[in-house]
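Below is one structure, written out as structure tokens; the observations come after it.
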Amino acid sequence: MVSTPNKINEHIEFQDSFHSLKQRYPHKKNHYKFEDFFQHNPQSGTITDWNGARNIIATEDFIVALIEGLEKEVGSASTVLLYNIGREWGYQDTELFKSWFETEYKVSIQETHPSFLFEAWWWPFTSQGWGNWEIDLSDQRNGFMFVNIFDSAVARTLGDVGKPVCHLYAGLFAGFFSKIVNKDLGCIEIQCYAMGETYCRFLLGRKEKIDAATFWQNEGATARDIEKRLVSGEYLK
């Protein structure tokens, strides 16, 4: 999404499109540099990426206007709306990801090691400017896991506002992972760059885990507090 410090590149829809570099090097894997991953098509006025998805270029002012506009229209419900938008995005992007991944690697996503699968999914998002990530699967058997986002497009743009702001990311993770594991998962941001932290941290898991974390967070618990409670097996009474 970032093409310059003040530009973002946002994935919006899928379409089949001729990518000249991909045609020349169909087996190229290190294609995530901005100049490789994206192709500008002056005649049609479109920008497509390596996987055939159409993209747009928008300024960071777009993010501010979007969030402020939603807050003006629906108030505090804007966070739920952004989460639901992200969740639907995650659902739909799973189908796009499945299509290009299985075509490129000649293996089904069900037969792929989770760590490789998840990294393959997020690399295009990094190229599009949504930030680098780090995923922690160590507590997966306990019904939850953590995702860190470095340089969130939303949090970086809004700055230190003292509260979590990456609801779109939370919804995206919930939607994608729910489709991948075929279970209804939720996600909550428990630490945010917009709160003065160095990176954003998300908790992804089953409903009872997310409900508990949400309650503790509303009661003033920090990300570290929430993690300790979950690891120790604490639940809402």
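Given the structure is predicted, the values throughout are model-derived calculations rather than measurements.
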In short, Ala170 meets Cys187 closest at the heavy-atom pair O-CB, 3.2 Å
Check: Phe116 ring centroid to Phe118 ring centroid under 6.0 Å: no
Spatial distance of atom CD1 (Ile226) from atom CG (Leu203) [nearest 0.5 Å]: 7.5 Å
Is Asp184 salt-bridged to Arg87, cutoff N-O under 4.0 Å? yes
Apply side-chain contact (heavy atoms from CB on, under 4.5 Å) to residues Ile56 and Ile47 and explain how you reach the verdict. CA-CA 7 Å; Ile56 63 172; Ile47 302 172; over 6 Å; no
Show, in sequence, the C-alpha distance, side-chain angles and deciding distance for Leu158 and Val64, and conclude whether the side-chain contact (heavy atoms from CB on, under 4.5 Å) test is met. CA-CA 7 Å; Leu158 295 181; Val64 176; 4.1 Å; yes
Quick check: does any side chain N or O of Ser178 sit under 3.5 Å from a backbone N or O of Gly175, one acting as donor and the other as acceptor? no
CG on Asp93 to NZ on Lys98, rounded to 0.5 Å: 13.5 Å
What's the separation between atom CH2 in Trp130 and atom CG in Asp151, rounded to the nearest 0.5 Å? 12.0 Å
Please report the closest heavy-atom contact between Met145 and Asp136, naming both atoms and the distance. CB-O, 3.2 Å
Mind running salt bridge (Lys or Arg N to Asp or Glu O under 4.0 Å) on Glu68 and Lys72 for me, showing each step along the way? CA-CA 6 Å; Glu68 290 183 351; Lys72 183 177 180 180; over 6 Å; no
For the student: nearest non-hydrogen atoms of Met195 and Asp160, plus distance: C-OD1, 3.7 Å
With a 4.5 Å cut-off on side-chain heavy-atom distances among I, L, V, M, F, W and Y, is there a chain of contacts connecting Trp123 to Phe150? no
Between Lys209 and Gly143, the two heavy atoms sitting closest are CG-O, 3.9 Å
In this structure, CD1 of Ile109 is separated from CG of Leu117 (nearest 0.5 Å) by 6.0 Å
Between the OG1 atom in Thr46 and the CG atom in Asn55, the distance rounded to the nearest 0.5 Å is 10.0 Å
Give the ring-plane orientation class for Phe97 versus Phe101, where under 30° counts as parallel, over 60° as perpendicular and anything between as tilted. tilted
Would you sort out whether Glu71 and Thr79 count as a side-chain contact (heavy atoms from CB on, under 4.5 Å), showing the intermediate values? CA-CA 8 Å; Glu71 289 178 346; Thr79 60; over 6 Å; no
Using only atom types and a distance under 3.5 Å, with no angle test, would you say the side chain of Ser78 pairs donor to acceptor with the backbone of Val74? no
Check for a donor-acceptor pair, side chain of Thr126 on one end and backbone N or O of Gly131 on the other, with a separation under 3.5 Å. yes
Which heavy atom of Cys166 sits nearest a heavy atom of Glu189, and at what distance? N-OE1, 2.9 Å
Ignoring hydrogens, what is the shortest heavy-atom contact between Tyr169 and Ala153? Give both atom names and the distance. OH-N, 2.9 Å
Distance-only, no hydrogens or angles: does the Glu134 side chain make a donor-acceptor pair with backbone N or O of Ile149 under 3.5 Å? no
Decide side-chain contact (heavy atoms from CB on, under 4.5 Å) for Leu230 and Asn142; before the verdict, give the C-alpha distance in whole Å, the side-chain angles of both, and the deciding distance to 0.1 Å. CA-CA 9 Å; Leu230 288 173; Asn142 296 322; over 6 Å; no
Hey, are Arg156 and Glu60 close enough for a salt bridge, meaning a charged N less than 4.0 Å from a carboxylate O? yes
If we count only N and O atoms by modelled type, under 3.5 Å, do the side chains of Gln217 and Thr214 hold a donor and an acceptor together? no
Indicate if Ile135 and Leu204 have the same hydrophobic cluster label, given that clusters are the connected sets of ILVMFWY residues with side-chain heavy-atom separations under 4.5 angstrom. yes
Give a yes or no answer on whether the side chain of Trp89 reaches the backbone of Leu168 with a donor-acceptor pair at less than 3.5 Å. no
Qualifying side chain to side chain donor-acceptor pair (under 3.5 Å) pairs with a residue from residues 193-206, counting only residues at least two apart or across chains: Asn148-Arg201, Arg201-Glu227, Arg206-Glu208
Going by the rule ring-ring contact (aromatic ring centres under 6.0 Å, His included), which residues pair with Phe202 if we only count those two or more places apart in sequence or in a different chain? Phe173
If you round to the nearest 0.5 Å, how far is CD1 of Ile188 from CD1 of Ile210? 6.5 Å
Compute the centroid of each ring, for Trp121 and then for Phe176, and state whether the two points are separated by less than 6.0 Å. yes
